[in-house]
Amino acid sequence: MSASSDNRFGKYELLERLAAGGMAEIFRARYSPAPGVVKPVVIKKILPHYAANRAFIAMFTNEAKIVMGLSHGNIAQVFDFGEVEGEWYLAMELVDGQPLSKVIKRMRALGFLTLPTEFAVFLVAEMLKGLHYAHARLDEKGRPLQIVHRDVSPQNVLVSYEGQVKLVDFGIARARNAGSEDTSSNAVKGKYAYFAPEQARGKELDARTDVFAAGIVLYELLTGQLPFQGRMMEVLTKIVRGQFARPGELNPAVPKALEAIVLKAMALEPKERFQTAEAFHQDLVRYLAVHHPDFTPSDVSQFLSFLFEAELVKSGRPVQLPRDFLARTERWKRGEPVPEPAPEAPPPSGEDPEETVPTEMVKVSLGVDSPVPGPAGPGDDEALTRPMHLPIAAAAGEAPPADGEPDRGPRAPVRRALLLGAGATFVGFAVVFLGVKLMRGSLEITSQPPGAVVRLNGRTLDEKTPLTLSSLPGATTYRIELVSEGYKTWTRDVALPRGARQLIEARLEPLAPPPAVSPKPPPPPEPLIAPTLPAPPPSADAVRWPTGPFLLDASRHRLDLSAAGAVRVALDESQAYRLTVSRGPTFGWGYYVVNAAGAAPGPLPSGPQLIKGATQLFVFRVGASTLSGERRADETRPRTLTLESRGRARRFKGPGPIDIPPAARVTLTGLDPKARYEVLVRHGQPPARVRAPDTSVGGCVVGHPTRGLLVARLDTPLVVEGARQLFFTLLDDASDAQTGRLSISITEVKRR
């Protein structure tokens, strides 16, 4: 960095580094054209190895000139570009918000399976407005500029706290591609998980390529996962074959009309997709107007404030959300949080996590019309297991044989040439794939004793020792910390060369025992009676704030649903169900699902609750006297449960209220209703287990006097307020096999 000690960078002042990726470093900065006039901007500084490449600089300069001419509400404005002491940069609009990729991650962390449908449709519709504007741009002589983004993905979509949606990196993808040694037009480049089929084949790209990528983004928002997953070769093969599950198969809540729009945007052949981003946008706007007419950008603003409340409060901007909006967020939740695709390794400190696999920039040289090769896997249908000469013939411009007609194929020399070309393409993929692997390394971490918590560059991993972290970027130093109760924290800085496999064997050192007590002098001759100290109780049933961590005993503090009057229903784990309570409030209502992996509780919303992969379902309601100390008038009114699956509905009489005895829960009193608290649940010693000796508890139920039932997930903070007291208990559906403890910590984080 050539900025001086006062952080000057040309005419800009760099204030804070926001991120670092594979192409550039991002800084928050300001520009002062005159005394008292300050404009906040974002500076994107190109990394030195790109700046030294002439092809990149030529392409970067050309693309930057084009991007500076884009002025649209859904495109982040580029104000300036140039070079300061050999460092090239872009000066861009500072968008006060978050990337869509981080919105998705935060949403999952807070327990949302998917983004609510209306939000997903609105965000993608706004993206498409910006895309269409760029696609339709003309130069000064009225000729089409033929701008294609090439890199439409959640990382390149910013959502402001005011509900605005803006695309970034418009056109810079092509400049980034030019920074490679292979700048041929038929090289495959980009974030391969969002490739269109023609992009994966190395064909010419146009506006319909961006339409396909926008369809992938909408698919991901609606289903909670990408349509094409796996390693690079697997993903590219699936893309060119059009192999992906319909959105409704992953999320039955996706309406058929919306699914049809997604499938059209993601059609295998460009001519079968929306021909323009505007056509895609219009279909989404019509859908939103018909199905969600009351939706406005202010809803996006409120939802973003809800997701990133901690960041806003930390920056001095208090968040105030309407009570009815908070109620809606509870209805949007669907059971357990969606697990993020397990990364092959966490990014090293200082690297932008949004630039890691599976959306990394890749470059694979292909023949212009070559399909991605790869054998069909087991279970592929007939269309996907035909001999390779069919797609090769199609790529060569020949019509494939009609059904029932023999395949005469090209002449032998042509056939051999095409097969050799396909073989060369496969070898090219293999070489690039091997090159990527050789650039990365792995860490194999063991500890004595095993079971230590692992922190990599300050980030706590889900797995404990022993474990292997594969595909880590090489030529990087990683800080490894191992934490285990009763042992000193083990810390090492490990340098990982490219392509290396490092074995780290840690022997944890026990904490020093308390100092030995020197023996007392002999007692006097007259006999003395030594006092007997009572043994401490295993755990208390009542705790008063302020308090340190307290324990929840799985053998005592639990509610046996099988004996408490809960409604019990056997389910088919291969089916998805919708559970609904007849009209009325669901204060104190909850559900408990059982499957082969264990069991999990959840609060029951007033709207439909989606249940998948379960063998048993329990529905229960905790009495208001247990939750708030007062009976509710509506508790005695009969309620009906409706369970729908595959168009069939079953109805059951709802359960009566359950009063949980004080001895079956831990009650925390002395809280201030005007304060906000953070509850954190961890495993005690030994860890709490229910149902079977090998089934570990994933969290506990929290009773709130005004919000009803909440669920505190293991190692996931739960924020509560407006309560003088809370209670904590475990749910179970068996009468034995309960052992161990949970440790509960509570911290005051804010006072009104």
Side-chain angles (χ1 to χ4, degrees), residues 99-101 103-105 107-108 114-115 117 119-128 130-132 135 148-157 159 165 167-169 173 188-201 203 205-232 234-251 254 258-270 272-277 279-281 283-284 338 340-341 354-362 372:
L100 181 56
S101 55
V103 172
I104 294 172
K105 290 182 178 180
M107 173 193 72
R108 289 171 174 167
T114 60
L115 196 67
T117 301
F119 287 83
V121 172
F122 174 83
L123 293 176
V124 175
E126 290 295 291
M127 287 168 43
L128 291 166
L131 284 172
H132 174 68
H135 294 161
V148 182
H149 192 291
R150 293 176 172 81
D151 200 11
V152 176
S153 62
Q155 292 88 341
N156 287 332
V157 179
V159 186
V165 180
L167 283 161
V168 297
D169 276 8
V188 176
K189 301 156 183 158
K191 293 185 177 74
Y192 64 80
Y194 298 88
F195 274 8
E198 62 270 23
Q199 197 171 5
R201 289 192 174 105
K203 290 187 176 182
L205 311 183
D206 59 24
R208 295 171 296 183
T209 303
D210 288 345
V211 166
F212 190 97
I216 292 179
V217 173
L218 181 55
Y219 183 108
E220 184 180 9
L221 297 179
L222 294 173
T223 66
Q225 58 183 279
L226 286 164
F228 309 106
Q229 300 185 48
R231 296 187 178 274
M232 184 182 72
E234 298 170 357
V235 168
L236 296 179
T237 301
K238 291 176 183 177
I239 289 173
V240 299
R241 291 174 169 178
Q243 287 180 280
F244 64 95
R246 292 185 301 101
E249 295 175 11
L250 301 178
N251 180 10
V254 176
L258 184 55
E259 182 182 72
I261 295 174
V262 176
L263 294 178
K264 183 174 181 179
M266 295 178 61
L268 184 64
E269 295 298 329
E272 297 174 1
R273 297 176 206 149
F274 295 103
Q275 296 303 289
T276 64
F280 190 4
H281 167 263
D283 270 15
L284 292 181
V338 174
E340 294 188 35
E354 307 304 340
E355 293 291 335
T356 57
V357 175
T359 58
E360 68 187 57
M361 299 298 300
V362 298
V372 175

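In what follows, residues are counted from 1 in the order of the sequence shown. Computation of the quantities below employed the complete heavy-atom set of this structure, encompassing side-chain atoms and omitting hydrogens, waters and symmetry-equivalent molecules.
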Undergrad: Should L115 and L123 be marked as a side chain to side chain contact (heavy atoms under 4.5 Å, CB included) after you check the CA-CA gap, both sets of side-chain angles, and the distance that decides it?
TA: CA-CA 10 Å; L115 196 67; L123 293 176; 3.7 Å; yes
Undergrad: Measure the CZ-NZ distance between F195 and K238 for me, rounded to the nearest 0.5 Å.
TA: 16.0 Å
Undergrad: Apply side chain to side chain donor-acceptor pair (under 3.5 Å) to E259 and list each qualifying residue two or more places apart in sequence or on a separate chain.
TA: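 Only R246 meet the side chain to side chain donor-acceptor pair (under 3.5 Å) criterion with E259.
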Undergrad: State, to 0.1 Å, how close A125 and L284 come at their nearest heavy-atom pair, and which atoms those are.
TA: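 Distance-wise, the nearest heavy atoms are N-CD1, 3.9 Å.
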Undergrad: Minimum heavy-atom separation for V240 and P197, please, with both atom names.
TA: CG1-O, 4.0 Å
Undergrad: Could you go step by step and tell me if I216 and F228 meet the side chain to side chain contact (heavy atoms under 4.5 Å, CB included) rule?
TA: CA-CA 9 Å; I216 292 179; F228 309 106; 4.2 Å; yes
Undergrad: Is there side-chain contact between V157 and V217, with heavy atoms separated by less than 4.5 Å?
TA: no
Undergrad: Between T223 and Q225, is there a side-chain donor-acceptor contact under 3.5 Å, judged purely by atom types and distance?
TA: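 Judged by distance alone, the side chains do not pair up.
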Undergrad: Under a 4.0 Å N-O cut-off, is there an ion pair linking R273 with E198?
TA: yes
Undergrad: Which value, rounded to the nearest 0.5 Å, describes the distance between L128 atom CG and L218 atom CG?
TA: 8.5 Å
Undergrad: Check ring pair (Phe, Tyr, Trp, His ring centres under 6.0 Å) between F212 and all other residues, then give those that pass, not counting sequence neighbours.
TA: none
Undergrad: How long is the straight-line distance from OG1 of T114 back to CG of L221, given to the nearest 0.5 Å?
TA: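 It is 9.0 Å, given to the nearest 0.5 Å.
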Undergrad: Can you sort out the partners of A265 under side chain to side chain contact (heavy atoms under 4.5 Å, CB included), two or more places apart, ordered by chain and number?
TA: V211, F274, F280
Undergrad: Do the side chain of R108 and the main chain of G224 share a donor and acceptor less than 3.5 angstrom apart?
TA: yes
Undergrad: Working to the nearest 0.5 angstrom, can you tell me the gap between M232 CE and T237 OG1?
TA: 9.5 Å
Undergrad: Could you report the tightest heavy-atom contact between V262 and P247, atom names first, then the distance?
TA: CG1-CG, 4.1 Å
Undergrad: Donor-acceptor pair, E234 side chain versus R231 backbone, under 3.5 Å?
TA: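 A pair under 3.5 Å: yes.
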Undergrad: To the nearest 0.5 Å, what is the distance between CD on E126 and CG on L131?
TA: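 So the CD of E126 and the CG of L131 are separated by 11.5 Å.
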Undergrad: What distance separates I239 CD1 from Q243 CD, expressed to the nearest 0.5 Å?
TA: 11.0 Å
Undergrad: Do you know which two heavy atoms are closest between L250 and Y219, and how far apart they sit?
TA: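 So the two residues come closest at CD1-OH, 3.3 Å.
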Undergrad: Under a 3.5 Å distance rule, please check whether H135 uses its side chain to pair with a backbone N or O of H149 as donor and acceptor.
TA: no
Undergrad: In the structure I gave you, are the side-chain heavy atoms of Y192 and L236 within less than 4.5 Å of one another anywhere?
TA: yes
Undergrad: Would you say the side-chain atoms of D210 pair up with the backbone N or O of R150, donor to acceptor, closer than 3.5 Å?
TA: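 Here the side-chain-to-backbone pair exists.
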Undergrad: Just do the side chain to side chain contact (heavy atoms under 4.5 Å, CB included) check on N156 and L100 with the steps written out, would you?
TA: CA-CA 8 Å; N156 287 332; L100 181 56; over 6 Å; no
Undergrad: Taking all heavy atoms of Q199 and all of L205, pick out the closest pair and write down the distance.
TA: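 Shortest heavy-atom separation between Q199 and L205 comes out as CA-CD2, 3.7 Å.
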Undergrad: Given side chains that start at C-beta, do those of R208 and Q275 come closer than 4.5 Å, heavy atoms only?
TA: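 A side-chain contact exists here, since the closest heavy-atom pair is under 4.5 Å.
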Undergrad: For a quick test of reading the model, state the closest non-hydrogen atom pair linking V124 to A214 and the distance between them.
TA: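 Nearest pair, atom of V124 first, then A214: CG1-O, 4.0 Å.
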